[in-house]
Amino acid sequence: MAVTKVQLEAEDHARDAAFKKAMHGKTAEENAGFMAILKKDKEAQSAAVDEYFKFWDGKGAGVETEQDMKERVESYATLTRHYYNLATDLYENGWGQSFHFCRFYKGEGFYQAIARHEHYLAHMMGLKEGMTVLDVGCGVGGPAREMTRFTGVNIVGLNNNDYQIERATNYAKLAGLSDKQKFVKGDFMQMSFEPNSFDAVYAIEATVHAPSLEGVYSEIFKVLKPGGVFGVYEWLMTDDYDASNLKHREICHGIEIGDGISQMVRISEGLRAIKAAGFELEFHEDLAQRPDEIPWYYPLAGDLKYVRSVSDLFTVLRMTKIGRGAVHKLVGALEMVGIAPKGTQKTADTLAVAADCLVAGAKENLFTPMYMMIARKPLA
């Protein structure tokens, strides 16, 4: 039931900027995490909740129609933009500034492992000082800052969420990296950069939001210089995934709704798409299949036995049943008395469902968040 033909959304940067100002105000510069959540404009947040959940409410696995899926795919930019209007502060509060997963070595702290995952991608791509690199779907710039510090590259971050762009720009300033980084507004399905602009391009768990992997990979191919390298950690369903199996579909649907994804596809489609875009595929591997003693999903599962520091304890504790229950009750109480905007609890609960489905998908070998592909644009 996958949607294969995609109609791109018309961009409206003035509309999006006005909504960012209305909903987020000055929280991008003044606050972070939970405190930022409490300072949103309640009317604007309610509108974002309605805009996002209209694609999902009453359209669960087993009852969704082809038309439901088509509407999500054709509204990919709106769906993703409002998802991050709602989820960004929750991500930062619970996970940090790098919105991605990683592998873990025994005795390795959470944030050390997150940074190593970014370093490994830079290493496999061969990033070197002085290169101009595009970060596709840059979030609040956590990986970009690490890439610049690690390799000395200059980075342009592309994002369709104005709030995240403002946060990333502010973080770069605070880190003393404003001369090496800039963050711009745009739809990665219709990039406005000149062809052959970048020495390298990377995407870390971001292009999953595209309605078509071939479409976004083709745009990346266009803006990459001949001989340039593209590296990606892609979210994919494995080829064990069977969309006609209701249990499989429930897991996949939970990942989609809880992570702002219009349509997940399988590994075979990812490999087909990158080749169809014109790339020469130099390396590909599902890093989640490596025989690690510590599973990549342990923080999501709230498995405290792998925690190695006090800071890690607080990160993982939030994901335990007790931690999630406490957050659910706290946010619900704050909504009830008018401190937290309406819809905050619904968003947090949806993220929790997604976490459960991500873990289930990993345990049943149906999902990977780290399918690595390293590809090159031919010289001619």
Next on the checklist: Less than 4.0 angstrom from a charged side-chain N to a carboxylate O is my criterion; do Glu166 and Lys26 meet it?
Outcome noted: no

Checklist entry - Between SG of Cys138 and CZ of Phe99, what distance do you get to the nearest 0.5 Å? => result 10.0 Å

Checklist entry - Is atom CZ of Phe314 surrounded by more than 12 heavy atoms (other residues, nucleotides or ligands) closer than 6.0 Å? => result no

Next on the checklist: Can you tell me how the ring of His248 sits relative to the ring of Tyr241, calling it parallel under 30°, perpendicular over 60° and tilted otherwise?
Outcome noted: parallel

Checklist entry - More than 12 foreign heavy atoms under 6.0 Å from NZ of Lys182: is that the case here? => result no

Next on the checklist: When you compare the side chain of Gln112 with that of Arg116, does any pair of heavy atoms fall below 4.5 Å?
Outcome noted: no

Checklist entry - Aromatic ring centroids of Phe101 and Tyr233 under 6.0 Å? => result no

Item to check | Closest heavy-atom pair and its distance - Thr344, Glu335 | outcome: N-OE2, 3.0 Å

Item to check | Closest non-hydrogen atom pair, Met191 against Val136 | outcome: CE-CG2, 4.1 Å

Next on the checklist: Does Ile322 have more than 12 heavy atoms from other residues, nucleotides or ligands lying within 6.0 Å of its CD1?
Outcome noted: no

Checklist entry - Looking only at heavy atoms, which two atoms of Ile155 and Ala144 are closest? And how far apart? => result CD1-O, 3.4 Å

Checklist entry - So, does Tyr83 use its side chain to make a donor-acceptor pair with the main chain of Gly258 at under 3.5 Å? => result yes

Next on the checklist: Quick check: do Phe279 and Leu224 have side-chain heavy atoms less than 4.5 Å from each other?
Outcome noted: yes

Item to check | Main-chain N/O of Lys247 paired with Asn245 side-chain donor or acceptor, under 3.5 Å | outcome: yes

Checklist entry - If only atom types and distance count, is the side chain of His328 paired as donor or acceptor with the main-chain N or O of Ala348 below 3.5 Å? => result no

Checklist entry - Is Lys185 salt-bridged to Glu11, going by a charged N under 4.0 Å from an acidic O? => result no

Checklist entry - Is a side-chain N or O of Gln263 found less than 3.5 angstrom from the main chain of Arg72, in a donor-acceptor match? => result no

Item to check | Side-chain ion pair, Lys70 and Glu66, N-O less than 4.0 Å | outcome: no

Checklist entry - For Phe183, which residues count as a ring-ring contact (aromatic ring centres under 6.0 Å, His included) partner, sequence neighbours excluded? => result none

Next on the checklist: Closer than 4.0 angstrom, basic N to acidic O: yes or no for Lys222 and Glu219?
Outcome noted: yes

Next on the checklist: Taking NZ in Lys180 as the centre, count heavy atoms belonging to other residues, nucleotides or ligands within less than 6.0 Å. Is the count above 12?
Outcome noted: yes

Checklist entry - Hey, is CD on Glu43 packed in by over 12 heavy atoms from elsewhere, all under 6.0 Å? => result no

Next on the checklist: So which atom in Arg324 and which in Ala352 form the shortest heavy-atom distance, rounded to 0.1 Å?
Outcome noted: NH1-O, 3.4 Å

Item to check | Atom pair CD1 (Ile37) and CG (Asp89), whose distance is rounded to the nearest 0.5 Å | outcome: 5.5 Å

Checklist entry - Within 45° of the six-membered ring axis of Phe221 and under 6.0 Å from that ring's centre, is NZ or CZ of Lys377 located there? => result yes

Next on the checklist: Just checking Phe198 against Phe193, ring centres under 6.0 Å apart?
Outcome noted: yes

Checklist entry - Judged by atom type as modelled, is there a donor-acceptor pair below 3.5 Å linking the side chain of Glu146 to the main-chain atoms of Glu118? => result no

Checklist entry - Are Arg15 and Phe19 in a cation-pi contact, defined as NZ or CZ under 6.0 Å from the six-membered ring centre and within 45° of the axis? => result no

Next on the checklist: If only side-chain N and O atoms count, and only distance matters, is there a donor-acceptor pair under 3.5 Å linking Asn365 with Thr238?
Outcome noted: no

Checklist entry - What pair of heavy atoms forms the shortest contact from Ser75 to Glu9, and how long is it? => result C-OE2, 2.9 Å

Item to check | Closest contact, heavy atoms only, Leu379 versus Pro226 | outcome: O-CB, 3.7 Å

Item to check | Check: Phe104 ring centroid to Tyr298 ring centroid under 6.0 Å | outcome: yes

Next on the checklist: Which residue in the set Trp235, Phe188, Tyr84 passes ring-ring contact (aromatic ring centres under 6.0 Å, His included) when paired with His209?
Outcome noted: Tyr84

